[in-house]
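Letters A, B, ... mirror the listed sequences (proteins, then strands); counts begin at 1. Since we're looking at a predicted model, the values are computed, not measured. Basis for what follows: all heavy atoms, side chains included, without hydrogens, waters or symmetry-related copies.
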Protein chains: 2
Amino acid sequence: MIKKLKNFYLFRHMDEAKLARLEDISNIVEYKKGTILFFEGDEAKNMIVLLDGILQVYKTDQKGNKVILHHFFPVDVIAEIVNLEHMRYPASAEFETDGRALIINYELFEKEFLKDPEVSFAFIKSLSKKIKYLENVIATNMVMNSTARVAKFICEHGHEISDLKKSHIAADLNMTPETLSRILKKLSTLGLIEKKKDEIIILDKEGLETFYL
Amino acid sequence: MIKKLKNFYLFRHMDEAKLARLEDISNIVEYKKGTILFFEGDEAKNMIVLLDGILQVYKTDQKGNKVILHHFFPVDVIAEIVNLEHMRYPASAEFETDGRALIINYELFEKEFLKDPEVSFAFIKSLSKKIKYLENVIATNMVMNSTARVAKFICEHGHEISDLKKSHIAADLNMTPETLSRILKKLSTLGLIEKKKDEIIILDKEGLETFYL
DNA sequence: CAATTTCATTGACCAATATCAAGAATAATT
DNA sequence: AATTATTCTTGATATTGGTCAATGAAATTG
């Protein structure tokens, strides 16, 4: 069970004894699709490592709309700052698929593991990865308009489009399905993409990139 | 000169020898108001610690408008991720006042200092502080509307308003001066604030908070 | 395969905020 | 104090994207 963690950078250098101890102070929980892992404002006593499934992190604006911030994929530590800073979750998290998570007693983890230079260096890496991610959220959502966000998404995730519902993509891009639909039509009219059934073909990648680069 | 650093958490536990070595691998540079410390996309060979002055960090959108992300105040490490991840600056930085910065050779710093558990723990703190900051940028700019941003600003920085030009405040809140002016008028009409010459008096803090809490 | 449900598109309209231009107030300079 | 420059406010208009409602197209179910 815990072997999977060996593949995860935070735990890679741990010997058997340490991993066993980690197992002692943690447990694995399964979640169904749609389950809320935590709500914005919740207090955190545990550190969470996502083992399986996709986790969506979002805030809710005044009108009750979701503003989607991240998607976490296995294996990832979720919201370590909340533990480090003894703060409350700044956003909510919901499982987008069935999933599993390792729930670690943070107090013990900090005491027994975090002083280890290897672990703390890995922690630094994990935090800086998160900062990069947040910078990207900001760059995408604060600096770019809807058309640019769509163009970027097509260029970076063109292949995924066939698997995802349009309404899902729209939500991830923080826009309505109507807006997405109109923008796709526009890009299609401009001859930058071709909308085939269930698929979007990029005709002019450079043209798309001019919207966001 | 370097003594000032003793007050900064990242360097607090360093002994004289270490501080001296730090001085060896770094130098202090003065900047005039309006100077660009780095541009978005620049590569970073040094780690920067802001010693004096206010540094504004921003991106530029397609229309050429600034989108202001942070203000850094002394003493703060600037954009450590850029060093840690060997990436390019994700935003530009400009001195809003005259200032000074400690420019540290990062390669040497990483080699000689970062393995030290105390330093790396402090680094973790610094990174997590930055994440909190970014979370706040997102919470403020992506999920709140203009009125909420203004209400929040008044509640949190009421005193500073007298020192700042309205157009400056508007820029920091990522809105136009016209919008700010209209919102202040609205809040004033609602009896939540009173606009005196050069000053804004909060009449009903709870009323203001309802806009953003 | 017909019926039903879900999802995507389209059009008409609305709300929030930006833009542009003019005027009013304030501050700085002579 | 008068003049000039700067900043602030106000109104008119434009733009972007959201909302609501209707229709069309796919997918699912019986």
Side-chain angles (χ1 to χ4, degrees), chain A residues 33-34 58-68 96 140-154 160-190 193-200 211-212, chain B residues 33-34 58-68 96 140-154 160-190 193-200 211-212:
Chain A
K33 176 178 173 176
Y58 62 92
K59 283 178 169 270
T60 307
D61 70 13
Q62 276 109 341
K63 295 187 201 162
N65 298 320
K66 273 188 186 180
V67 178
I68 297 181
E96 228 173 59
T140 306
N141 290 282
M142 283 178 57
V143 180
M144 297 180 2
N145 62 23
S146 300
T147 305
R149 297 210 295 284
V150 173
K152 181 170 186 243
F153 185 88
I154 293 173
E160 294 173 32
I161 289 179
S162 30
D163 317 327
L164 293 170
K165 274 186 270 189
K166 295 256 167 74
S167 54
H168 188 119
I169 297 171
D172 288 356
L173 294 174
N174 289 320
M175 65 185 65
T176 61
E178 292 94 324
T179 299
L180 175 60
S181 175
R182 288 176 180 121
I183 288 169
L184 289 175
K185 194 181 177 186
K186 183 176 77 179
L187 296 177
S188 183
T189 308
L190 289 170
I193 60 173
E194 191 183 336
K195 290 203 290 173
K196 288 237 173 135
K197 168 145 151 56
D198 245 24
E199 197 187 2
I200 286 180
F211 281 100
Y212 67 95
Chain B
K33 176 178 172 173
Y58 62 92
K59 283 177 170 268
T60 307
D61 70 13
Q62 277 108 343
K63 295 187 198 161
N65 298 320
K66 273 188 184 178
V67 178
I68 297 181
E96 229 173 58
T140 306
N141 290 282
M142 283 179 57
V143 317
M144 294 180 7
N145 62 23
S146 300
T147 305
R149 299 209 295 285
V150 172
K152 183 171 186 240
F153 185 88
I154 293 172
E160 295 171 32
I161 288 178
S162 29
D163 318 327
L164 293 169
K165 274 188 270 187
K166 295 257 167 74
S167 54
H168 187 119
I169 296 172
D172 288 357
L173 294 174
N174 290 318
M175 64 184 65
T176 60
E178 293 94 326
T179 299
L180 175 60
S181 174
R182 289 178 180 119
I183 288 169
L184 289 176
K185 193 182 178 185
K186 182 176 77 178
L187 295 178
S188 183
T189 308
L190 289 170
I193 59 172
E194 191 182 337
K195 289 203 292 174
K196 287 237 171 132
K197 168 146 151 54
D198 244 25
E199 196 187 2
I200 286 180
F211 280 100
Y212 67 96

May I have the distance from Glu178(A) (atom CD) to dA15(C) (atom C1'), rounded to whole angstrom?
-> 15 Å

Return the value, rounded to whole Å, for the distance between atom CZ of Arg182(A) and atom P of dT15(D).
-> 17 Å

Side chains of Phe211(B) and Val150(B): closer than 4.5 Å at any heavy-atom pair?
-> no

Provide, to the nearest angstrom, the distance between the CD1 atom belonging to Ile200(A) and the P atom belonging to dT9(C).
-> 9 Å

Stepwise side chain to side chain contact (heavy atoms under 4.5 Å, CB included) check, Leu187(A) with Ile154(A) | CA-CA 11 Å; Leu187(A) 296 177; Ile154(A) 293 173; 4.0 Å; yes

Phosphate OP1/OP2 of dT19(C) contacted by Asn65(B) side-chain N/O (<4.0 Å) = yes

note: Leu180(A), atom CG; dG18(D), atom P; distance rounded to Å ~ 11 Å

More than 12 foreign heavy atoms under 6.0 Å from NZ of Lys33(A): is that the case here?
-> no

Within less than 4.0 Å of OP1 or OP2 of dA18(C), is there a side-chain N or O belonging to Thr179(B)?
-> yes

Taking the side chain as C-beta and beyond, is there a heavy-atom pair between His168(A) and Glu96(A) under 4.5 Å?
-> yes

Under 4.0 angstrom between Thr176(B) side-chain N/O and dT17(C) OP1 or OP2 | no

side-chain N/O Lys195(B) vs dT9(D) OP1/OP2, d < 4.0 Å | yes

Using the closest heavy atom to pick a nucleotide of DNA chain C for each, name whichever of Lys63(B) or Lys185(A) lands nearer the 5' end.
-> Lys185(A)

Atom CG of Leu164(B) and atom C1' of dT26(C) are separated, to the nearest Å, by 17 Å

Nearest whole angstrom, please: distance from the C1' of dA26(D) to the NZ of Lys196(A).
-> 19 Å

Rounding to a whole Å, what distance do you find between Leu187(A):CG and dT9(C):P?
-> 13 Å

Is there a side-chain contact between Asn141(B) and Asn141(A), using heavy atoms and a 4.5 Å cut-off?
-> no

Taken to the nearest whole Å, CE/Met175(A) to P/dT19(D) is 13 Å

Is Ser146(B) touching bases, backbone alone, or none of the nucleic acid, heavy atoms closer than 4.0 Å?
-> sugar-phosphate

Does dA8(C) have OP1 or OP2 sitting under 4.0 Å from an N or O in the side chain of Lys166(A)?
-> no

